[in-house]
Structure formats: structure tokens, C-alpha cells
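When reading the values below, keep in mind they use all heavy atoms of this one structure, side chains included, and skip hydrogens, waters and symmetry mates. Sequence positions, counted from 1, serve as the residue numbers for this chain.
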Amino acid sequence: MTDRTDVDATLRALLADVLGLGEARAAALTADSGLFGELPEFDSMAVATVLTEMEDRLGILIDDDEIDGEIFETYGNLLAFSQAKVTG
């Protein structure tokens, strides 16, 4: 999965499932959409689940030292991080 569209679709589906956003809300996310602190469903407990699901669904390994708050500020940041991990 190296196509940005595939990563985007997978990430949106993951957020819809894990956060219970539903397909419409997940589809409406833009690069500037706030995540952690903006979406009530995206709390500190959800972060761990999202990271685990990202590893499983995107076939990546995320080290603890790679994670900082900036990744979860916006959907665009999360997508960019995911894409970088997928493409290596």
C-alpha cells in the first residue's frame, strides 16, 4: 500500500471504526481538521487504539519515540505521518 489514496482511505476507515465517527464524518475530515482536543471521541485512550490499528491496517511498525502530540493535531499531520511510514 504505497498509494496516498489507499493510505487516506484506510486511515479514514480506521478513524470511523475506532472513534465511532461513522463514514460521513470520517469522509468530511480535511487536512486542517483537528483531531486530539478537537474531536471529543479522540481522547488519550483512543490514541493507543488508533496507533495499534494503524500498525495492523497499514502494515507498519511505530516506535514510541516517533510519537509526539503534533502527529495528532490535525488529520493532515496524521496522514503525512502514516504515508511516510508506509513508504519508508
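A distance of 11.5 Å separates CG of Leu11 from CD of Glu53, quoted to the nearest 0.5 Å. Going from atom CZ of Arg12 over to atom CG of Leu79 covers 7.5 Å, rounded to the nearest 0.5 Å. Here CG of Leu15 is found 11.0 Å from OG1 of Thr10. Values are rounded to the nearest 0.5 Å. Note that the CG atom of Asp8 and the CG atom of Leu29 stand 9.0 Å from one another [nearest 0.5 Å]. Rounding to the nearest 0.5 Å gives a distance of 11.5 Å between CZ of Phe81 and CD of Glu70.
When side chains are defined from C-beta on, Ile71 does not count as touching Phe36, because their heavy atoms never get closer than 4.5 Å. In this structure the side chain of Asn77 never reaches within 4.5 angstrom of the side chain of Phe72, judged on heavy atoms. A heavy-atom distance below 4.5 Å is not found between the side chains of Glu38 and Ser33.
Applying the salt bridge (charged side-chain N to carboxylate O under 4.0 Å, His left out) test to Glu73 and every residue at least two apart in sequence or in another chain returns nothing. Residues passing the side chain to side chain contact (heavy atoms under 4.5 Å, CB included) test with Thr52 are Asp56, sequence neighbours excluded. In terms of the side chain to side chain contact (heavy atoms under 4.5 Å, CB included) criterion, residue partners of Glu41 (sequence neighbours excluded) are, by chain and number, Leu19, Leu21, Arg25, Leu39. Partners of Asp64 under the side chain to side chain contact (heavy atoms under 4.5 Å, CB included) rule, at least two apart in sequence or in another chain, do not exist in this structure. With sequence neighbours excluded, the residues forming a salt bridge (charged side-chain N to carboxylate O under 4.0 Å, His left out) with Glu66 are Lys85, listed by chain and number.
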Side-chain atoms of residues 42-49: list all donor-acceptor pairs with protein atoms under 3.5 Å, sequence neighbours left out, distances to 0.1 Å.
from	atom 1	to	atom 2	distance (Å)
Asp43	OD1	Met45	N	3.2
Asp43	OD1	Ala46	N	2.9

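In this structure a side-chain-to-backbone donor-acceptor pair under 3.5 Å is missing from Glu23 to Ala16.
Listed here is the closest heavy atom pair of Ile62 and Glu55: N-OE2, 2.8 Å.
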